[in-house]
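Down below is the structure, laid out as structure tokens.
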Amino acid sequence: MQTENILYMPWEPRPEGNTQIMWRSSANPIIDRYAIPSSNSIFNSAVVPFEDGYAGVFRCDNKAVQMNIYAGFSKDGINWQIENDPIKFQPGNTDMIDSDYKYDPRVTWIDDRYWITWCNGYNGPTIGIGYTFDFKTFYQCENAFLPFNRNGVLFPEKIDGKYAMLSRPSDNGHTPFGDIFISYSPDMKFWGEHRCVMKVTPFEESAWQCLKIGAGSVPLKTKDGWLMFYHGVIRTCNGYRYSMGAVLLDLNKPDKVLYRTRDYLLAPAAPYELTGDVPNVVFPCAALCDGKRIAVYYGAADTTVCMAFGYLDEIIAYIKEHSI
């Protein structure tokens, strides 16, 4: 079982009388939409253990609703200090670091640095890649794919000697479709060997994920497979509704789904998930695990950052028992 170097993990035990497989933090939203002076909303953000606490990359839309990503730090993973200015990138493996916007980041440690992926605006949405060693100086690399693409999520270690990334080919707008693919790279610059991993489900079988799906958290390596939380979308008479499920992928061939939730793990129900800039959204972007417990960071209603908790063994058992 892969565990993070976690000195203190944010956690609340299951509330008395709660029978759900995952439960919300009583401190939600843990990051308010106005946590920095310029922000209109802060959501869909990524967190990793760093030094004696945590660091993160946060999506902050400003009051002009310009989308960008910001660094932040926390001792306990709950109380955050987010920089007032967006991350400024230096050239990494390329001189082409043009970007019209940046949003929905993910972060993971691989080998010797923290790698960041995000939806990058370059003639439409594609997957941007960058890295940092200290969350102070950041380097931008070549975009992974042609537009249009979203939800780029790296595996935290190489697969058969190659970097591996999940993504969701899309369109230039509010995409009404989307399946999850995997791609490989020898050097974080050139990507290929694209394979389909997961498709949307038939409405009759699992309606909450029948319109589109997208990778969420960086996969956690367990004895049962790669555990990855993802979002699924249904189109209702009131618009799109985003919920959270989980999947176990084969450790050696991660394009192979072993088990996948038929029933969602968390769906919009709390007031801060039902109401906001985009109502009815639960959007996972990061997961912490100490070997027994899991804490998931998710965006709520495209407005705030929230947390949900669960026990690793219970979640894995639930995925297997309620699998498509």
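Excluded from the calculations below are hydrogen atoms, water molecules and symmetry mates; all remaining heavy atoms, backbone and side chain alike, are included.
Screening residues 247-265 for salt bridge (charged side-chain N to carboxylate O under 4.0 Å, His left out), with sequence neighbours left out, gives no hits. Residue pairs meeting the ring-ring contact (aromatic ring centres under 6.0 Å, His included) criterion with at least one member in residues 61-87, sequence neighbours excluded, are F58-W80. Residue pairs meeting the salt bridge (charged side-chain N to carboxylate O under 4.0 Å, His left out) criterion with at least one member in residues 189-202, sequence neighbours excluded: K162-E193, D179-K199. Sorted by first and then second residue, the pairs that involve residues 92-131 and meet ring-ring contact (aromatic ring centres under 6.0 Å, His included), not counting sequence neighbours, are F50-Y114, F89-W118, Y101-Y103, W109-Y114, Y114-F135, W115-Y131, Y131-F133, Y131-Y139. Sorted by first and then second residue, the salt bridge (charged side-chain N to carboxylate O under 4.0 Å, His left out) pairs with a member in residues 102-114 read R59-D104, D111-K158; sequence neighbours excluded.
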Check against salt bridge (charged side-chain N to carboxylate O under 4.0 Å, His left out), D313 and K292: CA-CA 7 Å; D313 289 347; K292 294 182 178 179; over 6 Å; no

One pair to check against side chain to side chain contact (heavy atoms under 4.5 Å, CB included): N28 and Y298. What are the steps and the verdict? CA-CA 10 Å; N28 280 349; Y298 66 94; 3.4 Å; yes

Please walk me through it: do E142 and I129 pass side chain to side chain contact (heavy atoms under 4.5 Å, CB included)? CA-CA 7 Å; E142 283 284 343; I129 302 177; over 6 Å; no

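Residues satisfying the salt bridge (charged side-chain N to carboxylate O under 4.0 Å, His left out) criterion with D95, sequence neighbours excluded, are absent altogether. For D224, the salt bridge (charged side-chain N to carboxylate O under 4.0 Å, His left out) criterion is met by K320, not counting sequence neighbours. For R14, the salt bridge (charged side-chain N to carboxylate O under 4.0 Å, His left out) partners two or more places apart in sequence, or in a different chain, are E314. Remark: D85 engages no residue in a salt bridge (charged side-chain N to carboxylate O under 4.0 Å, His left out) (not counting sequence neighbours).
By the neighbour-count criterion of 12 heavy atoms within 6.0 Å, atom CZ of F177 is densely surrounded, having more than that number from other residues, nucleotides or ligands. Atom OH of Y259 is surrounded by 12 or fewer heavy atoms from other residues, nucleotides or ligands within 6.0 Å.
Under a 3.5 Å cut-off, the side chain of E205 and the backbone N or O of P202 do not form any donor-acceptor pair. The backbone N or O of S39 sits less than 3.5 Å from a side-chain atom of K63, completing a donor-acceptor pair. Using modelled atom types, no side-chain atom of E12 and backbone atom of W23 make a donor-acceptor pair closer than 3.5 Å. Panel note: side chain E273, backbone A269; a donor-acceptor pair is recorded below 3.5 Å.
Following chains of ILVMFWY side-chain contacts shorter than 4.5 Å, one cannot reach F43 starting from V218, and the two form parts of different hydrophobic clusters. M9 and V47 fall within a single hydrophobic cluster, where Ile, Leu, Val, Met, Phe, Trp and Tyr side chains are chained together by heavy-atom contacts under 4.5 Å. Under a hydrophobic-cluster definition in which Ile, Leu, Val, Met, Phe, Trp and Tyr are linked whenever side-chain heavy atoms come within less than 4.5 Å, directly or via other members, V257 and L251 are assigned to the same cluster. Put simply, I319 and L266 are part of the same group of oily side chains (I, L, V, M, F, W, Y) that touch within less than 4.5 Å, one to the next. Residue V48 is grouped with residue I87 when hydrophobic side chains (ILVMFWY) are merged at heavy-atom distances under 4.5 angstrom, including chains of intermediate members.
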Under 3.5 Å, side-chain donor or acceptor atoms of residues 168-176 against the rest of the protein: list the pairs with distances, not counting sequence neighbours.
| residue | atom | partner | partner atom | Å |
| --- | --- | --- | --- | --- |
| R168 | NH1 | I213 | O | 3.3 |
| S170 | OG | R150 | NH1 | 3.0 |
| D171 | OD1 | G173 | N | 3.0 |
| D171 | OD1 | T175 | OG1 | 2.7 |
| T175 | OG1 | R150 | NH1 | 3.1 |
| T175 | OG1 | D171 | N | 3.4 |
| T175 | OG1 | G173 | O | 3.4 |

Result block: side-chain N/O donor-acceptor pairs under 3.5 angstrom for residues 299-307, not counting sequence neighbours:
| residue | atom | partner | partner atom | Å |
| --- | --- | --- | --- | --- |
| T303 | OG1 | D277 | N | 2.8 |
| T303 | OG1 | A301 | O | 2.7 |

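The distance from atom NE2 of H322 to atom OG1 of T261, rounded to the nearest 0.5 Å, is 10.5 Å. Between the OG atom in S99 and the CG atom in N68 there is a gap of 7.0 Å [rounded to 0.5 Å]. Interatomic distance, N280 CG to T275 OG1, rounded to the nearest 0.5 Å: 8.0 Å. Within the model, atoms CD1 of I116 and CZ of F138 stand 5.0 Å from one another, a figure rounded to the nearest 0.5 Å. Summarising the geometry, atom CD1 belonging to I31 is positioned 9.5 Å from atom CG belonging to N79; distances are rounded to the nearest 0.5 Å. In this structure, the separation between CD1 on I315 and CG on L227 is 6.5 Å, given to the nearest 0.5 Å.
F283 forms part of a hydrophobic cluster together with L211, V233, Y240, Y242, V278, V281, judged by ILVMFWY side-chain heavy-atom separations under 4.5 Å.
Taking the side chain as every heavy atom from C-beta outward, N84 and S38 never approach each other to under 4.5 Å. Side-chain atoms of I42 and C60, non-hydrogen and from C-beta on, do get closer than 4.5 Å to each other. The shortest distance between side-chain heavy atoms of F155 and I110 does not fall below 4.5 Å.
When the options N120, T126, T94, D98 are evaluated for a side chain to side chain donor-acceptor pair (under 3.5 Å) with N143, the one that passes is N120.
Ring pair Y264/W208 is perpendicular by interplanar angle, where above 60° counts as perpendicular and below 30° as parallel.
A donor-acceptor contact closer than 3.5 angstrom links the side chains of S183 and H194.
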